[in-house]
Amino acid sequence: MSIAICLLLYAASVCVVAPRLLPPLTSRGSAPLAAVAVWLIVLVSVLASWAAAAGSFIAYVALTWTRPDPPAMGACFAALRSAAAGQHGVRTQIGLWLMAMVVGGVTVALAARIGRSLLRARASSRRHSRSAHIIGRRVAGVDGLVLDAPQKMAYCLGGRPTTIVITTAAIATLEPPHIDAVLAHERAHLAGRHHLLLAATRALAASLPRVRLFTVAETEIAGLLEMCADDTAARRHGAAALLAAILALACPDPIPSAALGANTVGVCARVTRLTDPDTAAARIRARFLLAAVTVAIVFGPLVVWAAVHSLSPFGLTPCGPF
Amino acid sequence: MARGFGDLEAVVMDRLWDRDGATTVREIFEDMLREREIAYTTVMSTMDNLHHKGWLSRERDGKAYLYWPTMTREQHGAALMREALDAGGQSDRVLAHFLDQISDDESKALRRVLRRLGSKRARSGKGAR
């Protein structure tokens, strides 16, 4: 029981701290790949804590039901067990059982919501991809499907077959080396399986829009993945070509904000780091900071757990109310 | 570019979009035979699939069907673009845009960044790496 409470407290504090602490460290994109890894570690540790907390709570209530007198493990366990076993009255017992059922139900519903969202995303990407393969033209020298459209756009879709789409308007605006840089950027997305990460973070943010950690993580990870793809494209075709492509596609005729989605990936941050790249020292510093934060987030709870355990022999149990 | 099972559908649609009016499977088959080895039944089943997926309309004409595209390539392209633009937001589709369409504010911010970088470079007296 105390484990469940500790896990929930841990997850709650990560949910509060991470979306405030991490963006200033990661959004500059000094070490985009490491930053993506840190965000993923944070997301996974919160989800795992929730699942473990729900699991241990339900297991605890079930165990005390079937085994009226399990070996004593501490004052609060004994207190709770007596409550669950009916010594505090039937009402408390029923309350605990209802709580366990609600916790189980919420966990299953959340998992189902995320799963549905992922399946929907996959189905609609696949549909879009198939249409693009029929509508798009194959043009010599362009490693992608060319779509007749007045919008200057390039994008990619994962799944099978993978798809890169570039519009005729974008091709008309860009010079050939710049087109290569754009396509290399999209290929980097596909090769890095970025669409899977995007799908996962989007499903999470869409399923739990109130949890700020997930919405912030979605935006930040999307931006960082753009930077990762930028780096790959810049290595192959030069930062200058990529920068020229970004500017050519971004500048002259912006679409009104109303037509846009909620998350626009910071173009300014991308341009800044391409024109004014970090020094090696800054990159190492960024990696070091990220590693420190990760260690604090992942091992912090272990330290707390160890501290609690070393105190409990002296009669200090973490759940006073019981 | 990956070419797979959908490729044949693309080739058939290409030919139908290039023609005006309704066409029989036979005409498309003979047209395609000039460029590749292909069986009549393959073309027929491809066009039948395209009909069921909503790409082609058809009407019986004697023993054969007459097929024609339900929409022009341009109309399909416009619909696809609408989907792709929408996908930046709450849509279920997962696409990675090279660049999200940027707003007026972002465009202004971008120009500011470029100006700042330009003046910084001028001060330091050399270009970026």
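Reminder, nothing fancy here: chain letters follow the sequence lines and each chain counts from 1.
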Close side-chain approach of B:D7 to A:H133, heavy-atom, < 4.5 Å: no

What is the distance from atom CH2 of B:W55 to atom CD1 of A:I135, rounded to the nearest 0.5 Å? 4.0 Å

Looking at residues at least two apart in the chain, or sitting in another chain, which of them share a side-chain contact (heavy atoms from CB on, under 4.5 Å) with B:L66? B:A22, B:T24, B:D61

Quick check on B:R15: does its CZ atom have over 12 non-hydrogen neighbours (other residues, nucleotides or ligands) under 6.0 Å away? yes

So which atom in A:I134 and which in B:W17 form the shortest heavy-atom distance, rounded to 0.1 Å? O-CZ3, 3.8 Å

Shortest non-hydrogen contact from B:A84 to A:M153? CB-CE, 3.6 Å

With a 4.5 Å cut-off on heavy-atom pairs, point out which of A:S131, A:S129, A:A149 contacts chain B the most. A:S131

Contact part of A:A123 toward chain B, heavy-atom cut-off under 4.5 Å: side chain, backbone, both or neither? neither

Where does A:A245 contact chain B at under 4.5 Å (heavy atoms): side chain, backbone, both or neither? both

Any side-chain heavy-atom pair of A:R137 and B:R73 under 4.5 Å: yes

Point-to-point distance, once rounded to the nearest 0.5 Å, from CG of A:L145 to CG of B:L80: 9.5 Å

Most heavy-atom pairs under 4.5 Å with chain B, out of A:T167, A:I166, A:V182, belong to A:V182

Within 6.0 angstrom of B:R58 CZ, more than 12 heavy atoms from elsewhere: yes

How would you list all residue pairs meeting ring pair (Phe, Tyr, Trp, His ring centres under 6.0 Å) that involve residues 212-237 of chain A, not counting sequence neighbours? A:W50-A:F214

